[in-house]
Structures are given as C-alpha cells and as structure tokens.
Amino acid sequence: MERLVKKYAEKLQSAGLCDAPLVCGFDDEVVWNRSDPLVPILTDVMARMNINSLICGEPAEPYRTILKYLVKKNPHTIVPRDCETRTFLHDLPVSRSFSAEKILGALLRRKSVVTMEGGTVRLVTFGTVSPEQPSVPLSPVCFAAFVLVFSDYLAHKRKGRTTGEEDA
C-alpha cells in the first residue's frame, strides 16, 4: 500500500494538479504517503465512511487561483455549466471549514469537495477500491473550474461587464 499511495501522490504532482497531496489507502491499516497535521481530520472522515482511499491536496497553479476566485463568488456550491461536469460531477460542494463534519457532509453527496479555510484551498476526494480511484475526479474538478472561469469571463467580456478582478 505504501508504494501505491506514493505512486499516486507523484502522479498528481507530475500532472500539475496538486502540490504535495496527501494520499492514503487502507489495506490492513490506513497508510499515508507522508505525515501532515491534516491526517487526523482526514482519518476521521475515512473512519465514518465506507471507503478505503482518500486524497487531499492543495491544487497547483493555475487551479489554485481559479478555485479561490470561484469559492469567493460561490461560497457553498460551484456549479459548472459544461455538459461533462453536469453529467458526471453535477456540482462542486464548497466547505469554508476544514473539518471532518463539513468534509464528510459534502463527500456523502459528491465524489469531491473544495475546501477553503483562510486563504488555503484544498480538494478532497475518496475511493472505495484503491488510491487510484480518488485521483480520477481531481482532474475533472480542476478542468471544470478552469472552463467555468474562462467561459464566465468570455460571456462578461462580450457584454462589456468584466470586473477588475476578472481582467487581472
């Protein structure tokens, strides 16, 4: 299991999706790719769900900035409008607190949650089979956020209604 959690942490980093993700898997015991102060909260989430893997990571740029911007605009739920996201992810729940209760509440409804506490944005996803499974929704979440920001910007630009923050 140690090899697997390290493998998927490296894959997420090399794909440019997350900086230093936390990846865990459960076999005989819960194994994390590294230690981190967030591990107790995430272990609590795992213990209260019927899952065997979980990933938590701060998105790499440009996704970090894009998700921070979207969370400011949509403090509870980010609703992408592209067809694939609406079909497979539906929406992206947002938690303004990195707590087991808030994360658990979102993950019981969706495959991922965007958390933002203070100025730190993180993505949390889970799987029921292996550490590969929670790595799958991370890319679509980043892609959906990217598409949403730029499609909104284009629509606002065409109407002459962009904000200074959008133009920056």
Side-chain angles (χ1 to χ4, degrees), residues 1-78 80 89-146 148-149 165:
M1 188 56 69
E2 285 182 40
R3 189 175 74 2
L4 273 178
V5 296
K6 287 180 181 181
K7 173 184 175 181
Y8 285 101
E10 289 169 8
K11 280 186 165 210
L12 293 170
Q13 285 180 282
S14 68
L17 293 172
C18 288
D19 294 333
L22 277 167
V23 180
C24 84
F26 178 75
D27 198 3
D28 295 356
E29 61 184 0
V30 175
V31 175
W32 292 91
N33 65 310
R34 61 184 177 83
S35 61
D36 189 279
L38 301 176
V39 166
I41 294 168
L42 297 169
T43 300
D44 187 21
V45 170
M46 280 198 68
R48 295 162 67 187
M49 295 180 72
N50 189 21
I51 62 176
N52 81 343
S53 54
L54 189 134
I55 294 175
C56 173
E58 189 173 351
E61 289 295 355
Y63 310 113
R64 181 181 312 131
T65 298
I66 288 169
L67 283 162
K68 283 181 181 181
Y69 171 77
L70 288 173
V71 169
K72 281 190 226 172
K73 286 181 55 178
N74 310 280
H76 304 293
T77 307
I78 299 168
L89 296 174
H90 309 292
D91 57 39
L92 309 174
V94 173
S95 171
R96 298 303 294 238
S97 167
F98 197 88
S99 72
E101 289 299 322
K102 296 287 186 175
I103 293 168
L104 183 65
L107 293 181
L108 289 173
R109 295 182 301 112
R110 296 286 184 250
K111 292 275 188 194
S112 61
V113 59
V114 179
T115 70
M116 190 155 119
E117 187 170 70
T120 304
V121 65
R122 293 181 182 94
L123 300 174
V124 181
T125 63
F126 71 93
T128 57
V129 180
S130 77
E132 179 181 23
Q133 197 176 12
S135 71
V136 173
L138 275 172
S139 180
V141 167
C142 292
F143 179 75
F146 186 89
L148 180 59
V149 163
E165 188 175 20

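Since the model is a prediction, treat every value here as computed from it, not as a measurement.
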Considering only distance and modelled atom types, tabulate donor-acceptor pairs under 3.5 Å from the side chains of residues 119-143, sequence neighbours left out.
residue: T125; atom: OG1; partner: P134; partner atom: O; Å: 2.6
residue: T128; atom: OG1; partner: Q133; partner atom: OE1; Å: 3.4
residue: S130; atom: OG; partner: E132; partner atom: N; Å: 3.2
residue: Q133; atom: OE1; partner: T128; partner atom: N; Å: 2.6
residue: Q133; atom: OE1; partner: V129; partner atom: N; Å: 2.8
residue: S135; atom: OG; partner: E132; partner atom: O; Å: 2.5

Could you tell me whether the side chain of [Y] reaches within less than 4.5 Å of the side chain of [X], counting heavy atoms only?
X	Y	answer
K72	Y69	no
R96	V71	yes
P93	D91	yes
L42	F98	yes

Which heavy atom in [X] sits nearest to a heavy atom in [Y], and how many Å separate them?
X	Y	answer
P21	A9	CG-O, 3.6 Å
I103	T115	CG1-CG2, 4.0 Å
C56	L38	SG-CD1, 4.3 Å
F26	M46	CB-CE, 4.3 Å
A106	V113	CB-CG2, 3.4 Å
P59	D19	O-OD2, 4.2 Å

Exceeds 12 heavy-atom contacts within 6.0 angstrom, atom CD of E2: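 No, not enclosed.
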Atom [atom1] in [X], atom [atom2] in [Y]: separation rounded to 0.5 Å?
X	Y	atom1	atom2	value
K68	M116	NZ	CE	7.0 Å
L92	N74	CG	CG	9.5 Å
W32	K6	CH2	NZ	14.5 Å
N33	L22	CG	CG	6.0 Å
L104	M49	CG	CE	6.0 Å

Could you work out, with salt bridge (Lys or Arg N to Asp or Glu O under 4.0 Å) as the rule, every residue matching [X], not counting sequence neighbours?
X	result
K73	D152
R48	D44, E101
D36	R34
E29	none

For F146, enumerate each residue passing the ring-ring contact (aromatic ring centres under 6.0 Å, His included) test, keeping only those at least two apart in sequence or located in another chain.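 Partners of F146 by the ring-ring contact (aromatic ring centres under 6.0 Å, His included) criterion, ordered by chain and then number, come out as F150.
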I'd like to know if the side chain of E61 reaches the main chain of T65, judged simply by a donor and an acceptor atom lying under 3.5 Å from each other, with no hydrogens or angles considered.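 Pair found, side chain donor or acceptor close to backbone of T65.
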